[in-house]
Amino acid sequence: MDYRNDLAWAKAQDDADPLKGFRDRFLIPPHEGHDSLYFCGNSLGLQPRSVRDAIASELNYWGELAVEGHFRGKLPWLSYHEYVRDNLAEVVGALPSEVVAMNTLGVNLHLMMVSFYRPTPERHAILIEAGAFPTDRYAVESQIRFHGFDPATSLIELEADEPNGSISMAAIERAIGEHGAKLALVMLPGVQYRTGQSFDLAAITRLGHAQGAVVGFDLAHSVGNTVLNLHDAGADFAIWCSYKYLNGGPGAVAGVFVHERHATADLPRFAGWWGHDKATRFQMGPHFQATPGAEGWQLSNPPILSLAPLRMSLDIFHEAGMSRLVEKSRKLTGYLEWLIQADLADVLEVVTPADPTRRGSQLSIRVKSGRDAGRSLFQYLMDNGVIGDWREPDVIRMAPVALYNRFADCIGFAGHVRAWATR
Ligand SMILES: *Cc1c(COP(=O)(O)O)cnc(C)c1O
């Protein structure tokens, strides 16, 4: 795209944007009487306006129908997780039977590892990226110990081999090849939270499977802003949270993907009544019989009040469509990057890969003059209503989100950075 550093040009792009109407479906946090420049949808997505009524409606059913709300009302609670299933499958490129909304990310990661991390004395290692998100590292390390193995020998952390901390496909291939015989599980992110690098899920899955390893992905930072063809990529499982790009609200109900090939497999699992075969669940028998597909991993009846926002948000995703969202996201993210390179290269450097196919909506940015200056800029931006987030040791993350960010927001960011640099 032929970008220009010009507010009138940016506004013209926003006017011509086929997705521009979606911004009005969200509550944009105010700053001193104006909309803030919200670039933090990678951390907490904004609230769809439709959410309040959706929750109020369930509260009304609770008040009016009480226990009968499980069977009556517009959306009986008994099947509530099913109301988000199809749209969730669409967002991650899966069959509806391969996904389920349940629990939170950390819980789901453990549940998936109960089934898919089955170490043996010969094959016991887990491969993750160095500098993984803490919960992911804690989870895999504690699972290794739980099975009586030692993280010193069973946890392999793939070091970055590119200048800004990203990892080349060649390095992934080398590591999987080198450790192949002892690899039980390859567990990588869709988009790495600190660098913003996205990974080729299909290629990683092929490499892992070729060595006899199980392959799972943490999609916390990729769901809702990258095209994920999970079914075709062939991953064994994936997990994600729903409060980031999916706009499901603070602590939202998370998601799980289990590939169809495991739909009826006799895998060890931690079972609960909601994972039991739907046809006989309420016969309340003593023997667990898993319902086929991802729903068979459910433990509990779904939390209606926290699924309601996700349902509304996924309706928006369905309407907008992932391919249109990703197309816009690439333009917007490309614009933010271009503004930095064209106008702020003396102040900032971008850590995230420049290749649009190797990133999502997030740019990880460093201030060239160091960490203290980075903290100062971050604080300045926040004080001026430019909302991003800070990740230790020295990264400012900015995520232009296709559903509600504008080209004009990117210009606003650049103007504030320049004002800070010349203050
Ligand atoms: C956001 C995020 C989490 C958060 O886990 P919760 O269980 O939702 O608190 C975990 N891992 C990664 C990679 C994340 O980006």
Side-chain angles (χ1 to χ4, degrees), residues 39-46 84 88 91-92 99-114 116-117 126-143 155 157-158 160 165-167 185-199 201 204 215-226 228 230 235 237-257 270 297-300 302-303 306-307 309-310 313 351-352 359-364 387-392 395-399 401:
F39 288 102
C40 217
N42 59 329
S43 187
L44 184 71
L46 293 181
V84 299
L88 202 52
V91 166
V92 299
V99 299
V100 63
M102 61 181 194
N103 310 316
T104 52
L105 183 153
V107 172
N108 289 338
L109 177 51
H110 277 296
L111 291 179
M112 288 294 103
M113 280 199 286
V114 164
F116 292 105
Y117 175 54
I126 304 179
L127 178 80
I128 62 172
E129 87 278 21
F133 195 96
T135 239
D136 301 67
R137 199 183 180 291
Y138 303 157
V140 296
E141 189 178 324
S142 60
Q143 286 274 343
L155 181 58
E157 295 178 271
L158 179 54
S166 44
I167 305 173
L185 172 64
V186 173
M187 176 73 216
L188 289 171
V191 169
Q192 217 281 342
Y193 83 100
R194 198 191 316 256
T195 64
Q197 176 189 3
S198 70
F199 291 86
L201 308 189
I204 291 168
V215 180
F217 292 103
D218 184 331
L219 305 177
H221 279 84
S222 35
V223 68
N225 76 116
T226 63
L228 296 164
L230 277 182
F237 71 89
I239 45 143
W240 58 88
C241 52
S242 306
Y243 46 81
K244 293 171 179 165
Y245 294 97
L246 287 190
N247 312 314
V253 180
V256 161
F257 163 88
F270 287 170
W297 271 265
Q298 293 174 108
L299 297 179
S300 303
S306 42
L307 267 176
L310 183 62
S313 175
V351 172
T352 304
R359 68 186 183 200
S361 293
Q362 167 192 333
L363 288 186
S364 300
I387 316 299
D389 71 6
W390 174 264
R391 281 292 173 267
E392 295 294 348
V395 166
I396 296 173
R397 301 189 306 173
M398 289 283 149
V401 170

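Counting begins at 1 with the first residue of the sequence. Numbering of ligands and ligand atoms starts at 1, following listing order.
Residue contacts with ligand 1 for Asp136 involve side-chain atoms from C-beta outward but no N, CA, C or O (heavy atoms, distance under 4.0 Å).
Of the protein's non-hydrogen atoms, Phe133 CE2, 3.4 Å is the one closest to atom 3 (C) of ligand 1. Scanning all protein heavy atoms for the shortest distance to atom 6 (P) of ligand 1 gives Tyr243 OH, 3.4 Å.
Looking only at side-chain heavy atoms (C-beta outward), Leu228 and Phe217 stay at 4.5 Å or farther from each other. Counting only heavy atoms from C-beta outward, the side chains of Met187 and Phe116 never approach each other to under 4.5 Å.
The only member of Arg194, Gln192, Arg397, Gln197 that meets side-chain hydrogen bond (donor to acceptor under 3.5 Å, both in side chains) when paired with His221 is Arg397. Between Val253 and the choices Cys241, Ser242, Pro303, the side-chain contact (heavy atoms from CB on, under 4.5 Å) rule is met once, by Pro303.
Selection from Gln192, His221, Lys244 by nearest heavy atom to atom 2 (C) of ligand 1 gives Lys244. Looking at Asp218, Thr104, Leu105, Asn103 and measuring to atom 13 (C) of ligand 1, the nearest heavy atom belongs to Asp218.
Here the closest heavy-atom approach between residue Gly190 and residue Leu201 is recorded as CA-CD2, 4.1 Å. When all heavy atoms of Ser364 and Val395 are compared, the closest pair comes out as CB-CG1, 3.6 Å.
Atoms of ligand 1 found under 4.0 Å from any heavy atom of Thr135, numbered from 1 in the order shown, are 10 (C).
In terms of polar-atom proximity, defined here as any N/O pair under 3.5 Å, Gly106 does make such a contact with ligand 1.
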